Amino acid sequence: MRAERRRTPEGAAALTIRRPWRIGNAGDAVSRAVFAAMGLSLLALAALLLYELVFQSRLSISTFGWGFITGTRWDAAAREFGAAPAIYGTIVSSVIGLVLGVPVSIGAAIFLSEIAPPWLRNPFSFLVEMLAAVPSVVLGLWGIYVLAPWVGNPVETSLRDHVGFIPLFNGPAFGFGMLAAGLILSIMVLPIITAISRDVMLAVPTSQREAMAALGATKWEVISGAVLPYCRSGLVGAVILGLGRALGETMAVTMVIGKGYNISASLFQPASTAASTLASEFNEATYDLYISALVELALILMGITLLVNVLARLLVWRIARSPGLVRE
Amino acid sequence: MSTSTYQRRRATNALMLSLCSLFAFAAVGVLVLILGFVLAKGISSLNLDFFIHMPAPVGEPGGGVANSIAGSFFTVGLASLIGIPAGIGAGVFLSEYAGHRLGDVIRFTADVLTGVPSIVIGIFVYGLVVLKMGNFSALAAGIALAIIMLPIVARSSEEMLRLVPHSQREAALALGISRWRTILSVVIPVAQRGLVTGALLAVARAAGETAPLIFTALGNRFWSLSITGGPIDALPLRIWRYGIGPYDEWHQQAWAASFVLVFTVFVISLAARLLLRRR
Amino acid sequence: MTVHSQHQPEAPIMNYEMRIEHGHQAPVSEAEALAGGVVVRDLDAWYGPFQALRRINLLVAPKRITAVIGPSGCGKSTLIRCLNRMHEVVPGARGSGQVLLRGEDIYAPGVDPVVVRRRVGMVFQKPNPFPTMSVFDNVAAGLRLNGFLVRRSQIAETVEKSLRQAALWDEVKDKLSRPATELSGGQQQRLCIARALAVEPEVVLMDEPCSALDPVATLKIEDLMRELAKEYTIVIVTHNMQQAARVSDYTAVMMMAEDRAGEMIEFASTREVFTNPRDKRTEDYITGRFG
């Protein structure tokens, strides 16, 4: 470093320290470039991902066109691939997962935020979050040997006995099928929906609860009248994020959904999701069109999850950026 | 106020609060149920042989999952080597350099990337790496897992780096220390505990992934530790293959392997959380 | 005579020789307070191990405004929150003693706080309308809860009546379906007052209702209070002594003891407290020597 005396217009001497250009600035420039590369790699990755999937599925796209989405047969021998049952299975199993999982998640979140004494809150939340750490394949294993048999009998048999006239609940009680898949998805979305819901509920100002309580409301009325309406956008965001998780879930679902490629009204039927089809078929894919069809299925799956996740993120971002009152 | 309305309100209150409490306990109950099963079924097959032996020939009893454990270490290790520095670097970029607009775009992309199903990532890497190389490999698996880890580490690193007070950066810069040296010697060390936490959580996530490995590592009943030479096994893969297989032996070992995997993942996650809590 | 902290609950009704002169209010008689107002007897309150109130005794006269003043931290808010059982909502908070609302102890075993809170309304320091509800729905919130009125027309009637009582009707009558958050601060506070009035409470508690408002809005609410006192019993906590002097009929003065517990050191008609206080600490506080 060199110190230089310089004369200012007023004549007073000013001391300027100038760094030799080579050492300091070069280091900064290089490191900036390196970090920028790492940051931009995320963008590149996303772009590459999209490109690669589209590229690898071009054979299938050109062969089947829109028929791929509407076709219902997946026949490797006949070289005929239609994704409709897989897409149907993905959506239906996720919906079941939400129908079963959302009430439990929100209820648990209400407990953690409004009912549990403060000392219980953290350990309990921790346990619920640990559910998310269980690897999908282990959950699937448990699903095969514990959940699916239980679903077959007594769950499906009782459903069939009591409400079997509804198409949803008739058919052979395999256990392995759409209902089991929905159930296991509900377990998987539980931690994420509960954690986010709990956080948005805790963020509701105390003054709101007090206002409702001072009118003579019971504790539940305070929750349902003041807390839940205040944070409903956040709750919706949590549910959508849970949906995003459910749509892409692979191993646990594959292991309990049985192996049926069809669109059926009955929840007891073995079925397939896009992810389960990919997982079970890929190692058997022997020729180009087969592989291309699977990649196209992956592309569709990514499209659906992308849409849902972007929606959820936008909602959650919107809330995070507008502190205080939530306007509807 | 009519008594019946009042009674109805009290009843509703009691009912709904009980229901919420029930649901919360049910959630924890499910966890206990699952872990209980894994423990109960798995612990009987756990012995030293399990850890140091290779899988027995198909249909024969005995054998272990030594190659799977080694494979898991290897692939996750490879993935961490690629994914963690890149992730922290991306986090540095987001927190120290990126402008508002660009930062938002990258952040959003990272958040969206974490939502991409891991099986899709596996297929992506299959096309990109496996097909080009001509064979399944640990490298492909490592790359796939790294892609999964990258956005997670990037976002958590950014959050941790942002927590470092500006005064620390300014103090260093005022002393004439260049920007890159400030980041490397001041900012990162101050945030290191948080960065390690983020990395650990990403590792725990990668260790439990199965789907991407199906398309990149494929699995192997034999010992293999070469980076590019051929298929490699991993614990989640073995659990899957044994779990859906036809032999009871295999099912037993799947439970035992599950126990080992869950235990490992939990220990890593717990360590990460404890680290964070000790601030 | 004034009511001291050593007041004996079993003492007979007192006869006072003072007459009502212009500007002077007779001190409160216990019979009056028992019949139509609030009687506080030996009230203690804790937050966990910390005692916030010690042996508070107070007579709140019906259809009058009673102000509670004192330096920050002396327990004024805690006191009025004990009057509608909001105090116990804070985790770890508890109280002992009696609070008689029209002669019935609201802390008696078996009394549901929910019922108490309907009878004793509260307006908070910072206006807290429900942001997801319209102006109309905010006022109607308490009505719908309690299952009072079911038909929309009945609810609409009560909403209008409450808004008129809160001197807000003219300003919002064509904005009833707008979100409550569109109103100004002063309007929001009057909305909260209307909301509290809609359930027809017997007592209205106000915890520093004007401290978050500008002077113009403050004066409007003070005028409102005097109107409301014709129908409701009002207890107001304020750190603004001029406000207490302007608005209230009776003033209770609280001070923090050495162990930081709040005590009531003086209670008399407002005129008395401000012109001829009996306790030196009151005089010091009023003249601004501390607090």
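Because the structure is a prediction, the values reported are computed rather than measured. Naming convention: chains lettered A, B, ... in sequence-line order (proteins, then strands); numbering from 1 in each chain.
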- Message: What I'd like to find out is whether the side chain of A:Thr254 reaches to under 4.5 Å of the side chain of B:Ile244, using heavy atoms alone.
- Response: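 A:Thr254 does not reach B:Ile244 side chain to side chain.
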
- Query: Can you find a heavy atom in the side chain of B:Val116 that is under 4.5 Å from one in the side chain of A:Thr305?
  - Reply: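 Result no, sub-4.5 Å side-chain heavy-atom pair not found.
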
- Under the 3.5 angstrom rule, does the side chain of B:Asn13 hit a backbone N or O of A:Trp220 as a donor-acceptor pair?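 Yes; judged by distance alone, with no hydrogens or angles, the pair exists.
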
- Query: So, A:Asp28 side chain and B:Trp180 main chain: donor-acceptor pair closer than 3.5 Å or not?
  - Reply: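 Checking the backbone N and O of B:Trp180 against the side chain of A:Asp28, a donor-acceptor pair under 3.5 Å is found.
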
For the residue pair [X] and [Y], what are the closest heavy atoms and their distance?
X        : Y        : result
B:Ala27  : A:Leu190 : CB-CD2, 3.4 Å
B:Gly115 : A:Asn309 : O-ND2, 3.4 Å
A:Val137 : B:Pro236 : CG2-O, 3.8 Å
B:Ile119 : A:Ala275 : CD1-O, 3.5 Å
A:Ser31  : B:Tyr97  : OG-OH, 3.5 Å

For the atom pair [atom1] ([X]) and [atom2] ([Y]), what is the distance rounded to the nearest 0.5 Å?
X        : Y        : atom1 : atom2 : result
A:Trp142 : B:Lys41  : CH2   : NZ    : 12.5 Å
A:Phe111 : B:Leu19  : CZ    : CG    : 12.5 Å
A:Met251 : B:Ser118 : CE    : OG    : 9.0 Å
B:Leu94  : A:Leu42  : CG    : CG    : 7.5 Å

Using non-hydrogen atoms and a 4.5 Å limit, figure out which bit of [X] sits close to chain A: side chain, backbone, both or neither.
X        : value
B:Leu102 : side chain
B:Phe37  : side chain
B:Ala211 : both
B:Leu113 : side chain
B:Tyr126 : side chain
B:Ala154 : side chain
B:Thr109 : side chain
B:Leu261 : side chain
B:Leu184 : side chain
B:Val105 : both
B:Leu33  : both
B:Leu218 : side chain

Sort [X] into side chain, backbone, both or neither according to what part of it lies under 4.5 angstrom from a heavy atom of chain B.
X        : answer
A:Leu49  : both
A:Thr218 : both
A:Leu297 : neither
A:Leu112 : neither
A:Ile144 : side chain

Counting heavy-atom pairs closer than 4.5 Å to chain B, which one of [options] comes out on top?
options                                : value
A:Ile110, A:Leu43, A:Leu139, A:Thr194  : A:Leu43
A:Leu48, A:Ile187, A:Leu301, A:Leu241  : A:Leu48
A:Val146, A:Val308, A:Leu306           : A:Val146
A:Ser224, A:Gly248, A:Gly143, A:Ala116 : A:Gly248
A:Leu278, A:Val34, A:Ile106            : A:Leu278
A:Arg32, A:Met302, A:Glu114, A:Arg245  : A:Arg32

- With ring centroids as reference points, do A:Phe282 and B:Phe215 lie under 6.0 angstrom apart?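 Yes.
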
- Query: Would A:Ile115 and B:Ser21 count as a side chain to side chain contact (heavy atoms under 4.5 Å, CB included) if you check the C-alpha gap in whole Å, the side-chain angles of each, and the deciding distance to 0.1 Å?
  - Reply: CA-CA 8 Å; A:Ile115 304 176; B:Ser21 312; 4.1 Å; yes

- Item | Under the side chain to side chain contact (heavy atoms under 4.5 Å, CB included) test, residues paired with B:Ser258 that sit two or more places apart |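 Checked B:Ser258 against side chain to side chain contact (heavy atoms under 4.5 Å, CB included); matches are A:Val138, A:Leu141, B:Val38, B:Ile239.
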
- Query: Partners of B:Phe124 by ring pair (Phe, Tyr, Trp, His ring centres under 6.0 Å), sequence neighbours excluded?
  - Reply: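 In terms of ring pair (Phe, Tyr, Trp, His ring centres under 6.0 Å), with neighbours along the sequence ignored, B:Phe124 is linked to no residue.
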
- Candidate pair A:Leu45 and B:Ile147, rule side chain to side chain contact (heavy atoms under 4.5 Å, CB included), full reasoning: CA-CA 8 Å; A:Leu45 199 61; B:Ile147 294 177; 3.5 Å; yes

- Ring geometry between B:Trp255 and A:Tyr145 (parallel below 30°, tilted from 30 to 60°, perpendicular above 60°):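 A:Tyr145 and B:Trp255: tilted rings.
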
- Which of the residues B:Cys20, B:Gly208, B:Ala90 is involved in the greatest number of heavy-atom pairs with chain A at under 4.5 angstrom?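 The residue among B:Cys20, B:Gly208, B:Ala90 with the greatest pair count is B:Cys20.
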
- Query: Using a cut-off of under 4.5 Å for heavy-atom pairs, which of B:Arg10, B:His251, B:Glu158 has the most such pairs with chain A?
  - Reply: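 Of B:Arg10, B:His251, B:Glu158, B:His251 has the most heavy-atom pairs under 4.5 Å with chain A.
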
- Item | Residue pair B:Ile123, A:Leu294: steps toward the side chain to side chain contact (heavy atoms under 4.5 Å, CB included) verdict | CA-CA 9 Å; B:Ile123 293 179; A:Leu294 287 169; 5.6 Å; no

- Message: Could you go through B:Leu17 and A:Ile223, starting from their C-alpha distance and side-chain angles, then the distance that decides it, and tell me whether this counts as side chain to side chain contact (heavy atoms under 4.5 Å, CB included)?
- Response: CA-CA 10 Å; B:Leu17 293 182; A:Ile223 296 173; 4.0 Å; yes

- Item | Qualifying salt bridge (Lys or Arg N to Asp or Glu O under 4.0 Å) pairs, either residue in residues 201-210 of chain B, two or more places apart |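 Of all non-adjacent pairs touching residues 201-210 of chain B, those that pass salt bridge (Lys or Arg N to Asp or Glu O under 4.0 Å) are B:Arg205-B:Glu209.
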
- Item | chain B contact residues among residues 125-135 of chain A, heavy-atom distance under 4.5 Å |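 Heavy-atom contacts from residues 125-135 of chain A to chain B are A:Phe126, A:Leu127, A:Val128, A:Glu129, A:Met130, A:Leu131, A:Ala133, A:Val134, A:Pro135.
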
